[in-house]
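Below, read A as the first sequence line, B as the second, and so on, with proteins coming before strands; counting in each chain starts at 1.
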Amino acid sequence: MALSLYNTLTRAKEEFAPIDPANVRLYVCGPTVYDYAHVGNARTFSAFDLLARLLKHLYPKVTYARNITDVDDKIIERSNQSGEGIDSVTTRTTAQFHADMDELGLLRPDIEPRATTHIPQMVAMIQALVDKGFAYAAEGHVLFHVPAMADYGRLSRRSQDELIAGARVEVAPYKQSPADFVLWKPAKPGEPGWDSPWGKGRPGWHIECSAMTAAHFGEVFDIHGGGLDLIFPHHENEIAQSRCAHGTAVMANVWMHSGFLTIAGDKMSKSLNNFYTARELLDEYPGEAIRLALLTAHYRQPLDFTKEKIGQAKQTLDRWYGVLRGLDGVEAVPVPAEVLAALQDDLNTPLAFSHLHELAGAFHRAANADEKWVAAANLKAAAGLLGFLGQDPEAWFRWAPKGAGLDEAAIEAAIQARKDARKAKDFARADRIRADLLAQGIVLEDGPQGTSWKRA
RNA sequence: GGCGCGGUGGCAGAGUGGUGAUGCAACGGACUGCAAAUCCGUGAACCCGGGUUCGAUUCCCGGCCGUGCCUCCA
């Protein structure tokens, strides 16, 4: 079975055909580094992390790029408010972002280009657009002239008339057409800026992705991804810049967009105060459970995010890690065909997870050690492709939220005390010890090999 | 107003032109000193109205409801 992906450009699922099977190129719009990443970001990056994993499974070489936007109005604003230097804000936030994504269990992208290290490429691209008549300078700005591009709006399926009619914002006086967008803007005194043919300034938001993909991937590449909200204007404008600068028919062959999430039924927003940062969730739940919760719905579907969902995901992982617990490692086997097939069908994670559940069930129902071994190995291989069940099972069961009370020595001591009580048939005392542990979030399981524990 | 997405059991969530996944929850049973974990079993759904069809939850049309985007936004 071949890989098929839903392409926003054609609004259809298509069989994926790499431009160069020896190097599949995937670009995802990364964070603007001025604040903590939130669950919405985590969802998008989890979805594309999975795509990168799948591509790497299917092709010998995949280059996964995810940029860091480190020059932007919001960064400047944040710096002005707090007094913290811009470099400090971006460096600190980037480090935090990396720590959060690592803890969620995401692979680092192969390259992570930063906007500020690609200014010359952006200036050159803007110059090319000016030279070709797609852009013009006005009052220190350089603007892309949308009417100059005949088929602008293909990705978002918007006509230029609609754009003009629907313009909600006041149109800047220097724009020739209301839909024109900024490629370069002048730097005010005290703002970061770079010298350019149009004076000291900084790039507009969209140009960085166009310049960086061209620098690292060439004029046309395989897959470009991001959140649903980036379709317009960000990706539409990237396409306009890249295609007009290079004279190509497309910028990327496949455009993929992940769906939005709501928080307990409401749109995530700061005014509703229902904004979860990745960090605060990671203090409370294991990253692997958070990521599983984010992947339980198909990536293009809306996802209603609740802490209860993370709790369920944790329970699921308890069950799966329970299969691996006590086994002396399992040998690597190929990924089960049905799991691979589910993922190759536009990343159908819910279907893939249902197969993992079946494998866990097969393990427990197995009549003999060989069958158990096969089920466990298959589960491990399938989960491995998805980036799950990679840690030591005992470490998983011992994971504790930030500031959790009981330490492991105290738990072990209580278990020993209970064992003695049971031996003496003092079940009242044994049950009291168990109840005390449960009250502190520790669940005991008595098995043939003795008593094991986990955090609820 | 324009463009788009969705309505599946108590909840989550796939999928399919014809015996309606999977998980959680519930209920009964096994196992256990009692639990937990696990196993066995039970009940439980395709928004409404037309159309196409031998047959539609699945395709088409209409309606209702919800929701996203329309130049900050993953």
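You'll find the side chain of A:Y27 reaches within 4.5 Å of the side chain of A:N67, heavy atoms only.
Residues passing the salt bridge (charged side-chain N to carboxylate O under 4.0 Å, His left out) test with A:E308, sequence neighbours excluded: none. The side-chain hydrogen bond (donor to acceptor under 3.5 Å, both in side chains) check on A:K314 picks up A:D318, with sequence neighbours excluded.
Geometrically, A:K13 does not engage A:Y6 in a cation-pi contact defined by less than 6.0 Å to the ring centre and at most 45° from the axis.
Within the 4.0 angstrom heavy-atom criterion, base atoms lie near A:H38. Heavy atoms of A:D431 sit under 4.0 angstrom from at least one base atom. Across all strands, A:F260 comes closer than 4.0 Å to base atoms (heavy-atom distances). Among the atoms of the strands shown, only primed sugar atoms or phosphate atoms (P, OP1, OP2) are found under 4.0 Å from some heavy atom of A:T296. Backbone-only engagement by A:R319 is indicated by non-hydrogen atom pairs under 4.0 Å involving sugar-phosphate atoms exclusively. Using a 4.0 Å heavy-atom criterion, one finds that A:G40 contacts the bases of the nucleic acid, with or without backbone contacts as well. Using a 4.0 Å heavy-atom cutoff across all strands shown, A:L444 reaches at least one base atom of the nucleic acid. Contact annotation for A:D73: no contact, since no heavy-atom pair falls under 4.0 Å across all strands. A:L261 comes within contact range of at least one nucleobase, with a heavy-atom separation under 4.0 Å. Across all strands, A:E236 comes closer than 4.0 Å to no nucleic acid atom at all (heavy-atom distances).
Atom NZ in A:K419 sits roughly 16 Å away from atom P in B:G33 (whole-Å rounding). Atoms CG (A:L324) and P (B:A37) sit 18 Å apart, rounded to a whole Å. Rounded to an integer number of Å, the gap from A:R365 CZ to B:A30 C1' is 16 Å. Rounded to whole Å, atom P of B:A74 lies 13 Å from atom CD1 of A:I68. Atom CG of A:L303 is separated from atom P of B:U67 by 16 Å (rounded to the nearest Å). Across the protein-nucleic acid pair, A:R325 atom CZ and B:A36 atom P stand 17 Å apart, rounded to whole Å. Across the protein-nucleic acid pair, A:I442 atom CD1 and B:A37 atom C1' stand 16 Å apart, rounded to whole Å. Counting to the nearest Å, the C1' atom of B:C72 and the CD atom of A:Q81 are 14 Å from each other.
Within the shown strands, B:G68 is the pairing partner of B:C3 under the Watson-Crick or G-U definition, both distances less than 3.5 Å.
Nearest to the side chain of A:E445, among B:A35, B:A36, B:U22, sits B:A36. For A:H357, taking side-chain heavy atoms from C-beta onward, the closest of the listed nucleotides B:U22, B:C34, B:C72 is B:U22.
Residues A:D180 and A:K175 share a closest heavy-atom pair of O-NZ, 2.8 Å.
Residue A:R434 places a side-chain atom within donor-acceptor reach of the base of B:C34, judged by atom type and a 3.5 Å distance cut-off alone.
Just one of A:N7, A:V28, A:L51 meets the side-chain contact (heavy atoms from CB on, under 4.5 Å) condition when paired with A:I223; it is A:L51.
Of the side-chain N and O atoms in A:K309, one or more sit less than 4.0 angstrom from OP1 or OP2 of B:G13.
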